[in-house]
There are 2 protein chains.
Amino acid sequence: MSRENLQERVYRALRQALMRGAFPPGRSLTIRALAGALKTSAMPVREALRQLVAERALAMLPNRSFGTPLMTVAQFDDLRRIRMRIEGFAAAEAASRIDRETLLRLEEIDAEMAAASRRVRRERFIELNQEFHFTIYEAAGSAVLMPIIESLWLQIGPYLTFVFPDGERPQVTHATHRPVIVALKRGDAAAAQAALAADIDKAGEILKRVATFAAEDG
Amino acid sequence: MSRENLQERVYRALRQALMRGAFPPGRSLTIRALAGALKTSAMPVREALRQLVAERALAMLPNRSFGTPLMTVAQFDDLRRIRMRIEGFAAAEAASRIDRETLLRLEEIDAEMAAASRRVRRERFIELNQEFHFTIYEAAGSAVLMPIIESLWLQIGPYLTFVFPDGERPQVTHATHRPVIVALKRGDAAAAQAALAADIDKAGEILKRVATFAAEDG
DNA sequence: TTACAAGTGTTGTGATCACAGCATATCGAC
DNA sequence: GTCGATATGCTGTGATCACAACACTTGTAA
């Protein structure tokens with residue numbers, strides 16, 4: 001048996017599923033069902049769920065059970081706005097620290113995303129987009145910033161259910177990723193920040209067109 | 001019995017203690033000891049601890065037990081830097097949204113802090129400083145930003161052990177809080193951001209002079 | 001006196017059970 | 001057929017127990 005906790009394993013499994021958009025917004029998760037699916041007892045599952053609630057990846061539904069958050073449009077815009085600011089800042093920091101090797105990796109990912117989109121591989125597309133962004137944030141070199149950004153990504157996770165690399169999305173993504181790479185190459189912090197914010201902004205706009213949200217009231 | 005969870009109660013108790021600097025950096029906490037002190041079983045305590053670890057308020061020590069994080073100087077500077085950026089942004093947002101009533105509240109708190117410091121009331125001083133900042137952040141009106149900032153405050157929490165309102169600190173705090181209020185009154189977002197960042201910067205500088213840190217190596 | 005080994009206590013972890021709150025279904029009365 | 005009360009099952013929650021990993025102490029032998 002590996003030397004890691006069961007709850008750690010459960011946590012990672014759920015976290016990855018959430019980040020990949022495996023659960024739509026408002027989907028409810030029960031301790032016992034997950035425990036059964038993962039072949040463990042309730043103990044590790046409830047602690048993993050609680051940790052995800054602390055990271056805002058899950059919420060406690062009104063009926064006192066766990067589930068993925070269902071946002072209103074206003075909440076979605078708030079999240080998008082904060083992401084643009086914080087992840088933009090991370091890109092700015094990365095501009096002065098990123099090395100040649102990492103820049104090459106970004107080029108590779110960008111190329112692979114175009115390929116993945118042509119073959120309409122949804123999961124791979126999401127995965128590569130995630131890798132593109134986190135390669136940059138990693139380069140920012142802040143241990144404090146990293147978990148904050150991860151939490152933000154966990155929050156939008158469920159809305160990635162609506163992402164599909166149709167004819168438009170991958171082209172747009174390529175168009176918004178390109179300026180980020182260029183700015184990072186030049187070491188231009190302000191441009192990198194603006195370009196990355198624009199990418200998030202655009203992606204959010206597309207998502208808003210196809211996603212479903214909670215009633216404004218709540 | 002009150003209608004809230006036991007783990008919620010334990011969580012709030014620990015969280016408040018941490019934010020008030022009740023535990024010094026590197027202090028270890030055991031589940032059974034806390035359960036005994038709070039007169040509950042281990043169950044609610046371990047879930048509360050796990051939640052605090054997720055919020056970076058606690059860490060898992062190398063000896064496999066829980067404890068408050070002991071930072072290196074570099075980590076402390078990283079945290080300070082991110083705080084200046086994120087909380088500064090919150091202040092900028094607040095500048096265009098804050099109302100007259102909230103501004104008056106800030107004036108009150110500022111005045112009370114001077115009074116608290118003359119009587120050398122350490123705990124009250126920390127509490128008022130916290131209220132000053134969070135009154136501003138609340139005014140920023142972002143449900144996404146708020147828990148992020150709370151997590152940042154939980155991370156510096158243990159280092160508030162070293163805060164003491166001696167002859168210097170309260171004067172400095174007043175000197176750095178004042179420009180924040182002035183900028184917010186004018187609705188000047190850029191000035192508010194700069195003033196708040198300066199406050200965090202100065203406070204961190206003072207703290208660094210008296211606090212103890214982990215060895216640079218780790 | 002020193003070194004090493006056995007033992008003891010403490011740690012977090014996982015499993016299991018009992019229970020209260022709640023939603024829903026089911027059954028009976030009108 | 002409709003309404004209401006009872007019952008049933010499901011939810012998270014808390015308590016308790018057993019256990020493996022580890023730290024530390026204690027005792028013994030050289």
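We name chains A, B, ... by the order of the sequence lines, and we start the count at 1 in each one.
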A:L6 side-chain proximity, nearest of D:dT13, C:dG12, C:dG14: C:dG14
Side chain to side chain contact (heavy atoms under 4.5 Å, CB included) evaluation trace for B:L58 with B:L14: CA-CA 10 Å; B:L58 294 179; B:L14 286 176; 5.5 Å; no
Separation of C:dT10 P from B:F66 CZ (nearest whole Å): 19 Å
Result of checking B:I136, B:T135, B:I98 against B:L103 for side chain to side chain contact (heavy atoms under 4.5 Å, CB included): B:I98
Within 6.0 Å of CZ in B:R20, more than 12 heavy atoms from elsewhere: yes
Residues in contact with DNA chain D, drawn from residues 33-47 of chain B - heavy-atom cutoff 4.0 Å: B:S41, B:M43, B:P44
Distance in angstrom units between A:I31 CD1 and C:dC17 C1', rounded: 15 Å
Residue whose closest nucleotide on DNA chain C lies nearer the 5' end, A:R32 versus A:E8: A:E8
Between D:dC10 (P) and A:L61 (CG): distance, integer Å: 18 Å
Sugar-phosphate only, base, or nothing, as touched by A:L49 at under 4.0 Å among non-hydrogen atoms: nothing
Pairwise 5' ranking along DNA chain C for B:T30 and A:Q7, keeping only the more 5' one: B:T30
A:R122 side chain to A:V163 backbone, donor-acceptor under 3.5 Å: yes
Phosphate contact (C:dG12 OP1 or OP2) by B:S65 side-chain N/O below 4.0 Å: no
Sidechain-backbone polar pair: A:T72 side chain, A:A215 backbone, donor-acceptor under 3.5 Å: no
Criterion side-chain hydrogen bond (donor to acceptor under 3.5 Å, both in side chains) on A:Q155 and A:R83, from CA distance to verdict: CA-CA 11 Å; A:Q155 290 180 59; A:R83 282 191 60 207; over 6 Å; no
From D:dG14, C:dG12, D:dT11, nucleotide with atom closest to B:N5 side chain: D:dG14
